[in-house]
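What you are looking at is a predicted structure, and each value in this text was computed from that prediction instead of being measured. Only this structure's heavy atoms are used, side chains among them; waters, hydrogens and symmetry mates stay out.
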2 protein chains.
Amino acid sequence: MSTDDTGRPGASTPAAGGGTVGIKQVAAHAGVSPGTVSNVLNRPERVAAATRARVEQAIVELGFVRNGSASTLRAGHSSTIGLMVLDLANPFFTDVARGVEDVASERGYAVILSSSGESDEREQRNLRVLAEQRVRGVLLTPVGDEGGNADRLRDRGVPVVLLDHPTPRANQCSVAVDDVAGGELAVTHLLDDGARTLGFVTGPPGLRQCADRRRGALRALRAACLGRDVLREVSVGAMNARAGQEAARRLLESGAPLPEAIFCANDLLALGVLRVLLQAGVKVPTDVALIGYDDIEFSAAAAVPLSSVRQPTYQLGRIATELLLEECDESGGHAHQQVMFQPELVVRESSRAAADDRESNSA
Amino acid sequence: MSTDDTGRPGASTPAAGGGTVGIKQVAAHAGVSPGTVSNVLNRPERVAAATRARVEQAIVELGFVRNGSASTLRAGHSSTIGLMVLDLANPFFTDVARGVEDVASERGYAVILSSSGESDEREQRNLRVLAEQRVRGVLLTPVGDEGGNADRLRDRGVPVVLLDHPTPRANQCSVAVDDVAGGELAVTHLLDDGARTLGFVTGPPGLRQCADRRRGALRALRAACLGRDVLREVSVGAMNARAGQEAARRLLESGAPLPEAIFCANDLLALGVLRVLLQAGVKVPTDVALIGYDDIEFSAAAAVPLSSVRQPTYQLGRIATELLLEECDESGGHAHQQVMFQPELVVRESSRAAADDRESNSA
DNA sequence: CAGCGGGGTTGACACGTTTTAATCCGATGA
DNA sequence: TCATCGGATTAAAACGTGTCAACCCCGCTG
């Protein structure tokens, strides 16, 4: 090992096994009081340059690392925020997470990333862990629509910003994308392309994302003077590719003819559907047109490039985090905001009728 | 403030805004001493059933949530482990993370998920945060090969298990997949299919994964009595699809003829390469065969289903976590282990020569 | 009946940091 | 020369929990 010692030869053990090195040890080493060390760490401007230099040197010499627990205990809250998403394996949420991490680390906060797996019970359990950790605030994509878990946290004095979840309530911040508009966009596009019978593949109907996109789809039908009976719905238990495969199998095995176009509540679902359709020899988009939602990176590279509805994913994470930190940092004057983005249609091959030139995007 | 007293009826504010409810308030409410409440929380068997019931009731009535910082401070370590991966947007790592989370939550540990983005500096900064949080242990996929960051942590008494990174050193645990074998598998397959000129698209050469897979590729060449000059290497700065696209563009624009087969260090890279090749009118696998690495879910659904090298991803996370927790929990007797899995070739259309029947997998 | 043992409970201290009020010291102005 | 002032530093008191030795009570044994 590299015996890297300070000035004295062979004397000081550099932060190794022995007694933990805390603020006290640093203070002793630098010949000041613990309070001064604390000041160097937290309000460097209050301590004379010479003293500060001495303390800083002691810190590196001893390899001191501040004890976050003590800090948190004393302050009543940590400099950590929690991020709870529905599904970490969904690129949509990892993109959001990137936005969150970027802003948080710019502002000196750490992020505890957590996933509810679309289970209310896991959401509750993981939120409890966050509460125990005394996180400064929480970004939450709730699985249920009631918001009970969020309320409980807020009652405990933990700021919560709803992520990818709009709210009419004025007493909380939320950042979301208009999923009703998105669903309408998707289905209107399918209808414009000439589809007369439709399928809707969706996850748990309890998920707000699913419910809203469905409402949008229905609204598009109404606008086209079609009954909701032209929409065949298949609901599966999750929103991943495996579930999408199951949905497609169900459609195929039902005996009924396939709809002319299928709207999936999610790109992951759509990818799963696409795969099973192709394996079954169904041509996309000739036999069945297909559109997903989220426009994850892989959609453009799919067997048949997938049409989708794009959301400002990264921005979603950034804005939400900025709102949360604003609510945390500013002592009094914080006005709750409900931010709503608009989604954007991305047409690719999977839903492009033979003679259709007015697609909006091809990059 | 809410004068929240114990037995009086209608007086108790249920954990709302006012004074934080701690172990003391619970004790008062239940008519016991704080020590007993602590015992109920940590060694329930030591407290009489009746008392325990009373305390537990008080806990729910007051909505008590244990203060993790105080707990950690007192105990010297938290019940949290850190997981640091190279890239959260890579499905390979989210799969690993799932394995980690599953084991950790089974054992009552929480996971702080963190990503270095393949940057040594971010790795160091984030590890420091973990150290401040006094995590019980760390699962680390190091970006550099030196292991200096890991050593520093271990010197501070934090157990570290290397994840997706083998080590010859006997003083630490590691869990990995044999990437040299994997690289050899991939390139041998390409050669068997008749390719005589090869391309290798790789990320930063400093990444062990890249270096090892490259070594495997070279070994396969040697075994086939070919010089390393038949291997054209393209190295890009990251291991995602965008970087893959850049690599493909570089290959196309170089003027030189394309290699007959391309091995990508990563499925994400491969998907990027595939996309650009197809856009340029290059037929896969007819003109160029392609194989990736990791066998992420999307590879099977790609425009041309992607051959790949499969790793036991979820298991990787599980085993690593079990080793880490064993090292944390057991006081003395823990024998360090270096676990090495073997990868598996998955042949799909992207590398299937016209008349080739002995593919190993098609599900 | 005294002594004993043991399960159940208590009280008090320690963990490492932040913060507040108090102290110290050198310099400035009268 | 002395009082004053202000910046730099310090001592001490929290924060909420875990632990450990001490203590109490009760039933049992001799």
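As rounded to whole Å, 10 Å separates atom P of D:dT9 from atom CZ of A:Arg52. Protein atom CG of A:Asn39 is 15 Å distant from nucleotide atom C1' of C:dG16, rounded to whole Å. B:Ile23 has its CD1 atom 14 Å from the P atom of C:dG11, to the nearest Å. Here the C1' atom of nucleotide C:dG16 and the CG atom of B:Leu73 are 6 Å apart, to the nearest Å. Rounded to whole Å, the distance from CG on B:Leu62 to P on D:dG16 is 14 Å. For B:Ile59 and D:dT17, the CD1 to C1' distance is 13 Å, given to the nearest whole Å. Rounded to whole Å, the distance from CG on A:Asn42 to C1' on C:dT18 is 7 Å. The distance from atom CZ of A:Arg46 to atom P of D:dG7 is 11 Å, rounded to the nearest whole Å.
Within the 4.0 Å cut-off from OP1 or OP2 of D:dG16, not a single side-chain nitrogen or oxygen of B:Ser71 is found. The side chain of B:Arg43 contributes an N or O atom lying less than 4.0 Å from OP1 or OP2 of D:dT19. Considering only side-chain N and O atoms, A:Ser38 lies nowhere under 4.0 angstrom from the phosphate OP1 or OP2 of C:dT17. At D:dT9, none of the side-chain N or O atoms of A:Thr36 fall inside 4.0 Å of OP1 or OP2 (strictly under the cut-off). Proximity of A:Ser33 to the phosphate of D:dT9: no side-chain N or O atom is located under 4.0 Å from OP1 or OP2. The phosphate of C:dC15 has neither OP1 nor OP2 within less than 4.0 Å of any side-chain N or O from B:Arg134. The side chain of A:Asn67 contributes no N or O atom lying less than 4.0 Å from OP1 or OP2 of C:dT17.
Under 4.0 Å is where a charged nitrogen must lie from a carboxylate oxygen, and between A:Arg154 and A:Glu327 no such pair does.
Taking both residues in full, the closest heavy atoms of B:Glu101 and A:Arg122 are given as OE1-NH2, 3.2 Å, listed atom of the first, atom of the second, then distance.
Using modelled atom types, no side-chain atom of A:Arg318 and backbone atom of A:Gly99 make a donor-acceptor pair closer than 3.5 Å.
Considering only side-chain atoms of B:Thr51, the nucleotide from C:dT18, C:dG8, D:dG16 that sits closest is C:dG8. Out of C:dT17, C:dT9, D:dT10, the shortest distance to the side chain of B:Val47 is found at C:dT9.
The base of D:dT17 has none of its N or O atoms less than 3.5 Å from a complementary donor or acceptor on the side chain of B:Arg74.
B:His165 and B:Asp145 are linked by a side-chain donor-acceptor pair at a separation below 3.5 angstrom, with hydrogens and angles left out of the test. Between the side chains of B:Gln133 and A:Thr80, at least one donor N or O sits under 3.5 Å from an acceptor N or O.
Both B:Ala70 and B:Gly35 sit near DNA chain C, but only B:Gly35 has its closest nucleotide nearer the 5' end. Taking the nucleotide of DNA chain C with the nearest heavy atom to each of B:Ala75 and B:Arg54, the more 5' of the two is matched to B:Arg54.
No engagement by A:Val37 is indicated, since no non-hydrogen atom pair under 4.0 Å with the nucleic acid exists. Residue contacts for B:Gly22: at a heavy-atom cut-off of 4.0 Å it reaches the sugar-phosphate backbone alone, with no base atom in range.
Two residues are said to be in side-chain contact when any heavy atoms from C-beta on lie closer than 4.5 Å; A:Cys173 and A:His334 meet this criterion.
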